[in-house]
2 protein chains.
Amino acid sequence: MAKRSTVYDVAQAAGVSIATVSFTFRQPERVRAGTREAVLRAARELDYMPSASARGLARGRTGALGLFSYDLLLEEPADEPGGEEDFRTYPLYVDEVQRGFELECARRGQALLIGSDPRGEGEGVMDIVGRVDGLAVFPGARPAELLVPLARLLPVVAFATAADDGVLHHVRVDNRAGTRALVTHLARTHGIGDIGFVGETRMSDVAERFDGLRLAMADLGLRPPDGVLDPTPVGSAEPFPEVKRLHAGGALPRALVCASDQLALELMDVLDALGVAVPGDVAVTGFDGVVAGRLHRPTLTTVRQPMEAMGRLAVEILVAALEDPAAAPQRHRLPVRPLFRESCGCGRS
Amino acid sequence: MAKRSTVYDVAQAAGVSIATVSFTFRQPERVRAGTREAVLRAARELDYMPSASARGLARGRTGALGLFSYDLLLEEPADEPGGEEDFRTYPLYVDEVQRGFELECARRGQALLIGSDPRGEGEGVMDIVGRVDGLAVFPGARPAELLVPLARLLPVVAFATAADDGVLHHVRVDNRAGTRALVTHLARTHGIGDIGFVGETRMSDVAERFDGLRLAMADLGLRPPDGVLDPTPVGSAEPFPEVKRLHAGGALPRALVCASDQLALELMDVLDALGVAVPGDVAVTGFDGVVAGRLHRPTLTTVRQPMEAMGRLAVEILVAALEDPAAAPQRHRLPVRPLFRESCGCGRS
DNA sequence: CGGGCGCATCTATGCGCATAGAGCCGGACC
DNA sequence: GGTCCGGCTCTATGCGCATAGATGCGCCCG
């Protein structure tokens with residue numbers, strides 16, 4: 001590796017001072033055309049690449065935005081064994097939001113830093129915070145309060161996170177309207193009034209989904225479930241114990257609304273193993289609208305989040321916040337769209 | 001935004017020098033336990049977040065790896081209009097490779113910088129090169145030679161790019177074996193001997209795919225096509241003129257092997273509009289193995305690249321190159337896997 | 001012919017951190 | 001009591017760039 005050349009090298013080669021070199025790149029109009037040419041030529045010959053570290057230090061800004069996941073999957077490399085490729089684990093909700101974030105950064109010429117927290121110990125945040133001017137964060141195991149101190153240092157957008165004491169920017173969707181649309185459809189179109197909710201409500205998004213379901217059922221004169229089914233983390237040893245118990249007792253609801261597509265897909269695997277037909281015996285719905293739901297048979301009825309728009313919006317918010325640091329935190333709630341497919345009893349779509 | 005606190009603030013609060021603060025974070029074992037505690041406490045109280053810019057400048061390394069696309073799609077925000085969501089444009093080949101890169105960076109606790117070139121003028125590269133210690137690059141319109149000067153400054157991995165004069169690291173797949181597998185399958189299983197190739201061979205990956213097709217056909221005693229069909233960029237006003245002309249003349253081959261899945265999907269749209277049945281009248285195959293090929297009806301026969309593995313491998317190479325800058329550039333060629341689905345005449349799979 | 005003005009460029013400095021090398025201090029040992 | 005040594009901490013410096021303020025130069029005008 002040849003040593004990278006610096007402003008000093010370029011200045012010497014062009015016969016000017018380092019200030020002129022810097023001006024040539026940052027404020028070209030301040031430099032006479034002839035001088036500018038000379039500097040650019042020297043820079044080209046020396047393969048000059050400005051150090052972002054030095055620039056960031058001098059300017060007090062890094063010029064990059066960050067996207068952070070606490071819980072990025074850290075499985076060992078996937079093998080793609082003999083069968084089909086696995087689109088159940090990718091792209092998920094976060095991936096599509098991230099894509100929106102990327103596209104918007106690219107469109108604006110913003111550098112983008114992707115970070116995660118390998119040890120789960122928060123040091124990942126510290127590392128990334130030192131590198132960026134603004135940060136968007138997916139919800140993780142730990143509460144949003146951990147983000148509050150950060151938000152005093154730089155603008156922070158929290159995705160799908162409960163509102164806080166007013167320093168974070170928020171981007172989330174209308175979860176209640178989503179499950180309401182599902183419930184209404186199940187009741188009106190398929191005549192189903194016995195609906196359960198599967199998922200765990202520690203995450204505020206899921207809590208809202210459950211809430212929307214109960215409200216919608218009450219409005220329709222149906223008896224909402226008292227609580228959720230199987231509020232256990234996905235991937236546990238014995239999945240969906242309550243659903244299995246209900247099935248054993250012949251008391252399975254006619255429809256199961258799941259907190260996410262992933263959960264719905266896993267549930268359908270289990271139902272299949274139990275010999276329960278979907279949607280014949282039980283209708284199943286998801287939430288998110290990931291591609292895996294379309295690959296599954298039956299295709300999964302779900303609620304699609306506007307993920308690309310969410311990612312883009314986060315970038316917009318951060319850029320605006322950098323321009324006007326005094327502005328109040330923004331809270332956005334984006335609309336969702338129900339997708340009625342086979343798993344609720346509709347024809348293929 | 002409160003001013004971020006610095007080593008100086010922490011040092012003062014803890015009653016030590018800035019060197020001790022720095023050591024506490026970088027070489028904890030050099031600092032007595034009691035002192036360390038005091039520093040960490042002060043750091044916590046002050047919400048100290050080290051500046052990556054300053055650290056990078058002082059150490060001469062940024063601690064981040066970069067991933068760069070020349071041609072990142074810069075369309076305006078997608079609307080997701082009334083119908084279904086669009087998985088034709090995402091995730092594509094590059095997205096899945098990028099995912100592998102991300103996962104491996106996350107696993108190693110490496111920061112990852114995503115860059116692109118909004119104006120198409122190479123300044124994007126300059127910006128990102130100044131921010132990272134190593135770089136992986138997707139092929140773009142411009143030739144790999146532009147990367148060579150970069151590779152003298154930092155390790156560079158080129159994906160899917162023709163070999164160069166020996167400074168770049170390369171990660172690509174066995175393209176010839178891929179089309180060979182398709183041709184063999186078409187001939188042996190479906191008895192098809194009249195096979196055309198659709199795509200444009202400026203990109204070396206595609207050239208290899210065409211080459212593999214011709215070699216395989218020759219080996220099977222079939223007459224390979226003289227040239228490719230429709231070597232025009234995707235998305236042009238009047239797509240696939242040659243295919244249309246052949247169809248008008250009743251001279252369409254019995255099978256069309258396409259340079260990529262995207263191309264195959266667009267081709268099938270056109271064939272559908274012409275009233276040509278796939279696979280009944282013409283078998284169609286793709287290359288890459290993106291999800292859109294599984295969503296299409298008929299499902300797309302294709303060759304799956306090990307994209308996650310490619311992304312992970314690039315990170316490995318870069319990390320190794322940073323540890324031993326004198327090591328020779330690596331060239332890897334990963335195996336591919338044919339996926340026989342409906343569009344070649346196989347049953348659903 | 002001197003003063004004043006505006007432009008192009010330069011000099012000098014600081015951004016926050018890492019680290020080489022110096023300094024200090026207490027204990028072991030003679 | 002003096003010397004030496006090792007462990008801990010400090011002082012001093014440089015990393016490459018941006019930029020405020022100084023400088024010099026040419027030109028216009030009185």
Side-chain angles (χ1 to χ4, degrees), chain A residues 1-40 42-43 46-64 126-127 129-133 153-154, chain B residues 1-40 42-43 46-64 126-127 129-133 153-154:
Chain A
M1 283 320 102
K3 192 178 166 311
R4 301 193 191 189
S5 42
T6 71
V7 275
Y8 298 97
D9 304 319
V10 175
Q12 186 167 20
V16 298
S17 76
I18 64 159
T20 302
V21 175
S22 185
F23 285 144
T24 298
F25 287 98
R26 303 298 147 217
Q27 310 176 46
E29 69 286 355
R30 277 188 62 168
V31 179
R32 203 170 14 141
T35 314
R36 203 188 311 149
E37 300 303 329
V39 171
L40 290 176
L46 292 172
D47 285 328
Y48 170 64
M49 300 280 166
S51 153
S53 295
R55 187 190 320 155
L57 185 56
R59 288 220 286 213
R61 280 203 181 189
T62 65
M126 190 151 157
D127 184 51
V129 166
R131 298 173 177 274
V132 301
D133 298 330
L153 305 178
L154 79 176
Chain B
M1 285 318 104
K3 192 177 168 307
R4 301 195 192 189
S5 43
T6 71
V7 275
Y8 298 97
D9 303 319
V10 175
Q12 188 168 19
V16 299
S17 77
I18 64 159
T20 301
V21 175
S22 185
F23 283 143
T24 298
F25 287 98
R26 302 301 145 213
Q27 308 177 46
E29 70 286 355
R30 277 187 63 169
V31 180
R32 203 177 9 146
T35 315
R36 202 189 311 148
E37 300 303 329
V39 171
L40 290 176
L46 292 172
D47 285 328
Y48 170 64
M49 300 280 167
S51 153
S53 296
R55 186 190 322 155
L57 184 55
R59 291 218 285 210
R61 279 202 180 189
T62 65
M126 189 153 156
D127 182 53
V129 166
R131 299 172 177 276
V132 300
D133 298 330
L153 305 178
L154 78 178

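This structure is a prediction, so every number in the text was calculated from the model and none was measured. Proteins come first, then strands; the chains are lettered A, B, ... in the order of their sequence lines, and each starts at number 1.
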Check the interface with nucleotides 24-26 of chain D: list each N/O to N/O pair with the protein under 3.5 Å, or write none.
none

(Q) Between A:Ser51 and B:Phe23, which residue's closest nucleotide on DNA chain D lies nearer the 5′ terminus? (A)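 Here B:Phe23 is the residue nearer the 5' end.
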
Q.
With nearest nucleotide decided by heavy atoms, which residue, B:Gly15 or A:Arg26, maps closer to the 5′ end of DNA chain D?
A.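 It is B:Gly15, whose closest nucleotide lies nearer the 5' terminus.
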
Q.
Applying side-chain contact (heavy atoms from CB on, under 4.5 Å), can you list everything that pairs with B:Ala38, at least two apart in sequence or on another chain?
A.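 For B:Ala38 there are no side-chain contact (heavy atoms from CB on, under 4.5 Å) partners, ignoring immediate neighbours.
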
Q | Residues which pass side-chain contact (heavy atoms from CB on, under 4.5 Å) with B:Thr20, listed by chain and number, not counting sequence neighbours | A |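 Partners of B:Thr20 by the side-chain contact (heavy atoms from CB on, under 4.5 Å) criterion, ordered by chain and then number, come out as B:Val16, B:Ser17, B:Thr24, B:Val31, B:Thr35, B:Val39.
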
Search all heavy atoms of [X] against all heavy atoms of [Y] and return the closest pair with its distance.
{"X": "A:Ala54", "Y": "A:Ser51", "value": "N-OG, 3.0 Å"}
{"X": "B:Gly63", "Y": "A:Arg131", "value": "O-NH2, 3.7 Å"}
{"X": "A:Ser53", "Y": "B:Ala52", "value": "OG-O, 4.5 Å"}
{"X": "A:Pro50", "Y": "B:Met126", "value": "CD-CE, 3.5 Å"}

Q. Out of curiosity, A:Arg36 CZ to A:Glu29 CD, how far, rounded to the nearest 0.5 Å?
A.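 Separation between the atoms: 8.0 Å.
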
Q | From CZ (A:Arg32) to CD (A:Glu37), nearest 0.5 Å | A |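 A:Arg32 CZ to A:Glu37 CD: 12.0 Å, rounded to 0.5 Å.
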
**Q.** Positions of residues 3-13 of chain A (non-hydrogen atom under 4.0 Å from DNA chain C), listed by number
**A.**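 Contacting residues: none.
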
Q: For DNA chain C, find the residues of residues 30-37 of chain A with a heavy-atom distance under 4.0 Å and give them by number; none if there aren't any.
A: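 Close to the strand are A:Arg30, A:Val31, A:Arg32, A:Thr35.
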
**Q.** B:Gly56 backbone acceptor or donor facing B:Thr62 side chain under 3.5 Å
**A.**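 Flag not set: sc B:Thr62 to bb B:Gly56 has no pair under 3.5 Å.
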
Q) Applying salt bridge (Lys or Arg N to Asp or Glu O under 4.0 Å), which residue pairs with at least one partner in residues 50-64 of chain A are found, sequence neighbours left out? A)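 The answer is A:Arg55-B:Asp127.
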
List, one per line, each side-chain donor-acceptor pair under 3.5 Å for residues 1-12 of chain A, sequence neighbours excluded.
| from | atom 1 | to | atom 2 | distance (Å) |
| --- | --- | --- | --- | --- |
| A:Arg4 | NH1 | B:Val129 | O | 2.9 |
| A:Arg4 | NH2 | B:Val132 | O | 3.1 |
| A:Ser5 | OG | A:Leu46 | O | 2.8 |
| A:Thr6 | OG1 | A:Tyr8 | N | 3.1 |
| A:Asp9 | OD2 | A:Thr6 | N | 2.8 |

**Q.** Comparing A:Glu29 and A:Ile18 on DNA chain C - which has the more 5′ nearest nucleotide
**A.**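 The 5'-side residue here is A:Glu29.
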
Q) With a 4.0 Å cut-off on heavy atoms, is B:Thr20 in touch with a base, just the backbone sugar-phosphate, or nothing at all? A)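 The residue B:Thr20 makes sugar-phosphate contact but no base contact.
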
(Q) Students often get this wrong, so: under 4.0 angstrom with heavy atoms, is B:Tyr48 touching a base, only sugar-phosphate, or nothing? (A)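 B:Tyr48: backbone/sugar contact only, no base atoms under 4.0 Å.
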
**Q.** Helix axis bend for the helix from C:dC1-D:dG30 to C:dC30-D:dG1 - C1'-based end axes, five pairs, 10° rounding
**A.**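 Axis-to-axis angle, ends of the helix: 60°.
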
Q) Mind checking which nucleotides bracket the chain A contacts on DNA chain C, 5' to 3', with an atom under 4.0 Å from a heavy atom? A)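 On DNA chain C, the outermost contacted nucleotides are C:dA8 to C:dG16.
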
Q.
Contact list please: residues 52-62 of chain A against DNA chain D, heavy atoms, distance less than 4.0 Å, in numerical order.
A.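 The stretch gives A:Ala54, A:Arg55, A:Ala58, A:Arg59 as the residues lying under 4.0 Å from the strand, ordered by number.
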
Q. With sequence neighbours excluded, what pairs up with B:Phe23 under the ring pair (Phe, Tyr, Trp, His ring centres under 6.0 Å) test?
A.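 Partners of B:Phe23 under the ring pair (Phe, Tyr, Trp, His ring centres under 6.0 Å) test: none.
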
